[in-house]
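Inspection log for the structure reproduced underneath, given as structure tokens.
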Amino acid sequence: MGLLAGMGLLLSGGRLEAEPKINGVAYTTLKTIGKQLGLRHKWVQADRHVMLSASDTKLSMEVNKRDIQVNGIRVYLGFPVAMLNGDLAISTLDYEKTLQALLLPHRFKPVPRLVRIAIDAGHGGKDPGAQNKSLKLVEKQLTYDLSKRLQKLLTARGFTISLLRTKDEFIALEKRTLQANSAKADFFVSLHFNAANETTVRGVETYAYTPVDQPSTSRSKVVADDRTVDPAHRHNPWNTLAAFYIQRAMADQLETEDRGMKRARFTVLKGLNCPGVLVEGGFLTHATEGRNLASTAYRERLARAIAEGIVAYQNTLKRAASKT
């Protein structure tokens with residue numbers, strides 16, 4: 001079941017009244033949010049850890065952390081959880097831009113359709129992307145292979161697919177966005193793999209475009225560029241929702257670390273005329289994960305997980321559209 005299920009007591013109004021600011025950022029207590037959403041508020045650990053829950057919705061938040069758990073999946077906020085008036089609190093922007101998108105998608109109109117999908121195989125040509133030379137892994141080759149597998153799975157589900165890279169060629173990031181827009185895509189997914197200097201790092205992560213007035217996950221403070229409004233911001237609820245479902249499917253189906261639904265202002269997402277996400281399907285530089293990604297069977301599993309996440313997103317769109 002999707003996150004929409006079970007949310008019987010919904011917001012009676014729109015924006016919550018902002019409570020006092022912390023470091024210049026407006027925050028709202030979890031008791032207030034719980035009351036608005038019809039969720040039970042429970043201290044798991046006094047002054048540190050709160051759970052908000054209903055029959056099939058569980059939100060777990062700890063003070064000073066930017067990552068929370070939404071039905072067991074790691075989701076990054078723009079600002080850390082804080083103490084406010086004897087309760088934990090999150091920024092009002094995080095409530096509006098992340099939690100409402102995940103829990104109350106039918107409140108956002110218009111609900112997009114999902115028929116045409118643009119699949120972007122990251123890197124290509126002179127840009128090899130990440131590599132693991134000992135295992136002879138090259139990101140541009142793996143993303144292309146994954147894109148073909150995902151194309152086959154989604155076509156079988158009735159979607160119309162556009163592959164933005166159909167061979168080993170370099171395509172500028174802005175051109176990829178233009179290709180997706182020209183194809184009148186309803187959804188865009190950019191496929192990538194990770195690398196790290198520390199070879200013990202592993203896991204999957206999915207990125208949605210960072211909302212206005214919030215820092216991306218890789219930073220802690222708002223900078224001037226964070227105030228800029230980009231085309232991708234029109235689709236924030238759907239970017240968020242799709243990223244969550246894809247991350248959930250990968251975390252559930254692959255034996256690796258859930259690195260979370262994150263935020264970034266990636267150039268390839270910035271100018272999209274449709275919702276879009278960027279997927280990092282694992283670390284080529286991790287010994288076990290690298291060997292897994294070298295396996296065609298594992299890449300097929302990864303493709304199936306991404307496809308399942310997209311279908312879950314589509315199902316929630318249909319439910320959201322049916323709400324009046």
Side-chain angles (χ1 to χ4, degrees), residues 3 60 65-77 98 102 117 119-123 129-132 135 137-151 153-154 187-210 216-218 239-264 266 268-269 275-313:
L3 293 181
S60 177
K65 290 190 175 183
R66 286 179 71 182
D67 59 312
I68 66 173
Q69 295 284 322
V70 179
N71 284 359
I73 299 301
R74 198 176 187 183
V75 172
Y76 276 83
L77 304 177
T98 297
L102 295 178
I117 299 176
I119 301 176
D120 172 39
H123 306 280
Q131 298 182 60
N132 182 326
L135 294 175
L137 298 178
V138 182
E139 183 178 4
K140 69 175 183 178
Q141 297 171 354
L142 296 180
T143 59
Y144 182 67
D145 176 84
L146 183 61
S147 74
K148 296 290 287 184
R149 294 175 186 278
L150 185 58
Q151 176 191 35
L153 292 168
L154 292 175
F187 183 64
F188 172 94
V189 55
S190 188
L191 304 176
H192 291 261
F193 294 97
N194 250 320
N197 292 328
E198 177 53 66
T199 58
T200 59
V201 179
R202 66 174 188 152
V204 292
E205 53 196 25
T206 309
Y207 286 86
Y209 202 71
T210 310
S216 295
T217 303
S218 61
N239 299 336
T240 304
L241 198 63
F244 177 85
Y245 279 122
I246 292 173
Q247 182 64 21
R248 184 182 71 175
M250 292 194 298
D252 285 349
Q253 297 185 27
L254 304 172
E255 294 83 24
T256 191
E257 181 181 343
D258 171 16
R259 291 176 57 84
M261 191 216 89
K262 297 182 176 181
R263 300 285 194 172
F266 289 130
V268 76
L269 301 178
V277 302
L278 186 145
V279 175
E280 293 280 5
F283 279 77
L284 304 185
T285 46
H286 185 273
T288 301
E289 195 151 79
R291 285 193 297 271
N292 285 343
L293 292 169
S295 160
T296 56
Y298 187 87
R299 293 199 300 275
E300 183 69 18
R301 288 178 61 197
L302 175 58
R304 289 186 180 279
I306 296 170
E308 181 178 301
I310 292 172
V311 170
Y313 166 59

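Sequential numbering from 1 along the given sequence is applied to the chain's residues. All heavy atoms count here, side chains included; hydrogens, waters and symmetry mates do not.
- Looking at Asp67 and Arg74, a side-chain N of the basic residue comes within less than 4.0 Å of a carboxylate O on the acidic one, giving a salt bridge.
- When the shell of 6.0 Å around CZ of Arg301 is examined, it contains more than 12 heavy atoms from other residues, nucleotides or ligands.
- Residue pairs meeting the salt bridge (charged side-chain N to carboxylate O under 4.0 Å, His left out) criterion with at least one partner in residues 191-202, sequence neighbours excluded, do not occur; the list is empty.
- Counting heavy atoms from C-beta on, the side chains of Val204 and Asp258 never come closer than 4.5 Å.
- For the residue pair Ser60 / Gln69, no side-chain donor-acceptor distance below 3.5 Å is found, with atom types taken as modelled.
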Go through the steps for Phe244 and Thr98 under the test side chain to side chain contact (heavy atoms under 4.5 Å, CB included), then give the verdict. CA-CA 10 Å; Phe244 177 85; Thr98 297; over 6 Å; no

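- Although no hydrogens or angles enter the test, the distance criterion places a donor-acceptor pair under 3.5 Å between the side chain of Ser295 and the main chain of Ala297.
- Val70 places a side-chain heavy atom less than 4.5 Å from the side chain of Leu102.
- The CZ atom of Phe266 sits 8.5 Å away from the OG1 atom of Thr210 when rounded to the nearest 0.5 Å.
- Rounding to the nearest 0.5 angstrom, the gap separating the CG atom in Leu146 from the CD1 atom in Ile306 is 4.5 Å.
- Of the inter-residue distances, the one linking Phe283 atom CZ with Asn132 atom CG reads 13.0 Å to the nearest 0.5 angstrom.
- Side-chain atoms of Thr143 never come within 3.5 Å of backbone atoms of His192 as a donor-acceptor pair (strictly under, hydrogens ignored).
- Listed by chain and number, the residues in a side-chain hydrogen bond (donor to acceptor under 3.5 Å, both in side chains) with Asn292 amount to none (sequence neighbours excluded).
- Atom CD1 of Ile117 and atom CG of Leu154 lie 4.5 Å apart (nearest 0.5 Å).
- In this structure, the side chains of Leu150 and Val189 come closer than 4.5 Å at one or more pairs of heavy atoms.
- Minimum heavy-atom separation, Leu135 to Ala287: CD1-O, 4.3 Å.
- Counted by atom type alone, Thr296 and Arg149 present zero donor-acceptor pairs between their side chains at under 3.5 Å.
- Ala249 and Gly309 get closest at one heavy-atom pair: CB-N, 3.8 Å.
- Taking a cutoff of 4.0 Å between a charged side-chain nitrogen and a carboxylate oxygen, Glu308 and Arg304 do not qualify as a salt bridge.
- For the atom pair CG (Leu153) and NZ (Lys148), the distance works out to 12.5 Å, reported to the nearest 0.5 Å.
- Considering only heavy atoms from C-beta on, Tyr245 stays 4.5 Å or farther from Thr206 through its side chain.
- Between Val268 and Phe188 there is a side-chain heavy-atom pair separated by less than 4.5 Å.
- In this structure, Leu278 and Leu191 have side chains that are not in contact, with every pair of non-hydrogen atoms separated by 4.5 Å or more.
- Checked by atom type, the side-chain pair Tyr207/Glu205 shows a donor-acceptor distance below 3.5 Å.
- With hydrogens and angles disregarded, a donor-acceptor distance shorter than 3.5 Å links the side chain of Glu139 to the backbone of Ala130.
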Let's go through Asn194 and Leu284 carefully: what are the C-alpha distance in whole Å and the side-chain angles of both, what is the deciding distance for side chain to side chain contact (heavy atoms under 4.5 Å, CB included) to 0.1 Å, and is it a yes or a no? CA-CA 6 Å; Asn194 250 320; Leu284 304 185; over 6 Å; no

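- Rounding to the nearest 0.5 angstrom, the gap separating the OH atom in Tyr313 from the CZ atom in Phe187 is 6.0 Å.
- When side chains are defined from C-beta on, Val279 counts as touching Met250, because their heavy atoms get closer than 4.5 Å.
- Using a 4.5 Å cut-off on side-chain heavy atoms (C-beta onward), Met261 and Arg248 make no contact.
- The closest donor-acceptor contact from the side chain of Asn239 to the backbone of Tyr209 lies at 3.5 Å or more, if one exists at all.
- Side-chain N or O atoms of Arg299 include one that pairs as donor or acceptor with a backbone N or O of Ala294 at under 3.5 Å.
- Residue pairs satisfying the side-chain hydrogen bond (donor to acceptor under 3.5 Å, both in side chains) criterion with at least one member in residues 276-291, sequence neighbours excluded, are listed as follows: Thr256-Glu289.
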